[in-house]
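Structure provided below as structure tokens; questions to follow.
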Amino acid sequence: MTQAVLEKNGEVQAVKGDLLEVDHVVKEFKVAAGFRKSAAVVHAVSDVSFTIKEGETLAMVGESGCGKSTMGRLILKLLEPTEGAIRFEGQDLDKLTGEAMRHIRKKMQIIFQDPYASLNPRMTVFQIIAEPLVTHNMFATKQETEDRVRELLKIVGIRPEFINRYPHQFSGGQRQRIGIARALALNPKLVVCDEPVSALDVSIQAQILNLLHDLQKDMKLTYLFISHDLGVVRYISDRVCVMFLGKLCEIGNTEDIFKNPIHPYTKFLLAAVPKPDPHLRRENKSLLIGEMPSPVNPPGGCRFHTRCPYMTERCSSEEPQMRELQGRMVACHNAENLRIQ
Amino acid sequence: MSEQQNNAELLKITDLKTHFFTHKGVVPAVDGVTLEIPKRQIVGVVGESGCGKSVTAMSILQLISRPGRIVSGSIRLDGKELVGAGIDEIRELRGNKISVIFQEPMTSLNPVYTVGRQVSEAITTHQQVSKQEAKQRVIDIFKAVGIPEAEKRFKAYPHQLSGGLRQRVMIGMAMVCRPQLLIADEPTTALDVTIEAQILHLMKQLESDFGTSIMLITHNLGVVAEVCDYVYVMYAGKIMEQANIFDLFDHTGHPYTKGLLQSIPKPMAEKQRLYNIKGMVPNLLRLPKGCRFCPRCEFAMQECHEHEPELYDAGNQHLVRCFLYKNGGEPA
């Protein structure tokens, strides 16, 4: 239950047991703005810091374009941060190269959203799952590799007889299981789950969530669970961080945040989720007005201030820093005064 | 929403069968669906991928193309039969009395025309109005569906608008001729939750302001609970259960509906395992004998494997296709 400790100088320091530490990470993409215009900069992730403890599930929620998938890719070093550092088991990923990085990569894997696009249609299940094993020279013989693949298939609930089938012979839920088997092949410590159930039907979604939950217990996995589905997030995660336009709004224990969101954006986000109970229908639901501002020209001050009904003058001029409040971290100037429902 | 006692139905589908004749065999995508949409109501059609909910909607608009075909059944709009009607008659209805909005606001608009022009076209196709008048009506409808700076947006191209705005344009296009029936096929699935909440709110407003009936097709039971008055649950081409929204959630009848509801991660639940329906949706080419759901059903009895159940009446316009309800309201 230890939180990232706030040191005197305001820096987030790694606490013992932190598997991953994201330290003031910034990621900007340069994009061509069009004919005879200078290149624009997309501020995808702006000064984000958090830690993931060993064995926990940290969920990252937010709407499209908030930078949550970029964050997942930065952690896996599929993208390199513009500024800041990401440390896995205390080692700065930016400074690792060659063999040392290969070694770390084994410990970090990803499960993708779309089980139709993330499996090569021309490879058999065996080839797909064996690929990471072969790349990292895990086994000397093909027989050993095959045994491991069969074992993995059994773990994720696919009959090992199907080892020579192709992805198109499986349903969406089964394909997602194959993707999970591939991610688990190297016994990773951290698995980034990027919207792993969004493409699945609700009955299949439940099967996959149960599987992820069991695997975490059996294999002592740590998850970074990226999702826009707040119902799923509440079910699976221990802690949540809420992102808005490249910035963290709020980070804390899942139940605390869901029961008592402090940041206005978190409040609106939770209120917007359609509840599967017609008795909870509200005619005058508090709706968030407007659209997401552009990450090319994010608003100054608090990035949420253009849509925030509780906006004060300070919000448009001064950027709120993450600070501790009621056992969690919140970035809002007026957090104490927001008692309005 | 108050009980509408004028039970006049706007749309009545009776025993509709839409089959697809593929080289592998006949796929009964819609296999005997009877469904009513009363005036001024939002009716939900829920089910998982491949259950036939979209094919039902496309059948209403006569948009089924080869190898699919409406095999039998009747679709009546305000008493007028649509199955077998001539193409001119159908064209007169499409976009005028019945409109549709699709899931993907990105791909449903033509990228090379301004949105204003595309929405104007919906008016000029059906009504003799001047260009100026059409434009005014488009701007009015843009305002009604909550598009800010409607005059300016009239000249915008689809790529200049966000997903939420494009979906509003689509809804505007669908509503501009004041249709009697709006078919919304997964209208919010591609949108973020805060935008989804805005669009659902807008649809409820349309129903109350314009008196439009809405057929809302979705896989999301949360969306259904939020806006629908009456709900049909589909599975493998058949209606499994139909009930008003409160009965469906409070007195869920069919084991399939129960399974769906239990599969949703509950906020308050401890970190226990989620319920899941075992197995998967059957291949429509090889439907099981008897009840279509019985291979996955916890309550399956001998009877279920042999005979197909009818829709049994559980009282209060609540019908359940399950032998447990054979003897009326209470499950056996």
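Proteins get letters first, then strands, A, B, ... in listed order; numbering begins at 1 in each.
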Considering all heavy atoms of both residues, which atom of A:G231 and which atom of B:P265 are nearest to each other, and what is their separation? O-CB, 3.5 Å
Strictly distance-based, threshold 3.5 Å: is any side-chain N or O of B:D192 a donor or acceptor partner for the main-chain N or O of A:S64? yes
What part of A:S171 gets closer than 4.5 Å to chain B, counting heavy atoms only: side chain, backbone, both or neither? side chain
Would B:V227 and A:R281 count as a side-chain contact (heavy atoms from CB on, under 4.5 Å) here? Give the steps. CA-CA 8 Å; B:V227 297; A:R281 235 183 236 191; 5.5 Å; no
Reported CD-to-CD1 distance for the pair B:E48 and A:I204, which is rounded to 0.5 angstrom: 6.5 Å
Rounded to the nearest 0.5 angstrom, the CZ-OG distance for B:R296 and A:S203 is 4.5 Å
In this structure, NE2 of B:H219 is separated from CD of A:Q205 (nearest 0.5 Å) by 8.0 Å
Only one of A:L270, A:V61, A:L269 passes side chain to side chain contact (heavy atoms under 4.5 Å, CB included) with B:V193; say which it is. A:L269
Apply side-chain contact (heavy atoms from CB on, under 4.5 Å) to residues B:L274 and A:Q207 and explain how you reach the verdict. CA-CA 8 Å; B:L274 281 173; A:Q207 294 173 359; over 6 Å; no
At a heavy-atom distance under 4.5 Å, which candidate from A:P278, A:P276, A:A206 has the highest pair count against chain B? A:P278
Is B:L248 in contact with chain A via its backbone, its side chain, both, or neither, using a 4.5 Å heavy-atom distance? neither
Looking only at non-hydrogen atoms, find the nearest pair between B:A225 and A:D277 and report the distance. CB-N, 3.5 Å
What's the verdict on side chain to side chain donor-acceptor pair (under 3.5 Å) for B:T194 and A:E63, showing C-alpha distance, side-chain angles and the deciding distance? CA-CA 8 Å; B:T194 59; A:E63 297 177 273; 2.4 Å; yes
Using salt bridge (charged side-chain N to carboxylate O under 4.0 Å, His left out) as the criterion, list what pairs up with A:D214, not counting sequence neighbours. B:R273
Region of B:V281 in contact with chain A, defined by heavy-atom distances below 4.5 Å: neither
Test item: A:P274 and B:E196 side chains (from C-beta on) under 4.5 Å apart, heavy atoms: yes
In terms of heavy-atom proximity below 4.5 Å to chain B, should A:N210 be classed as side chain, backbone, both, or neither? both
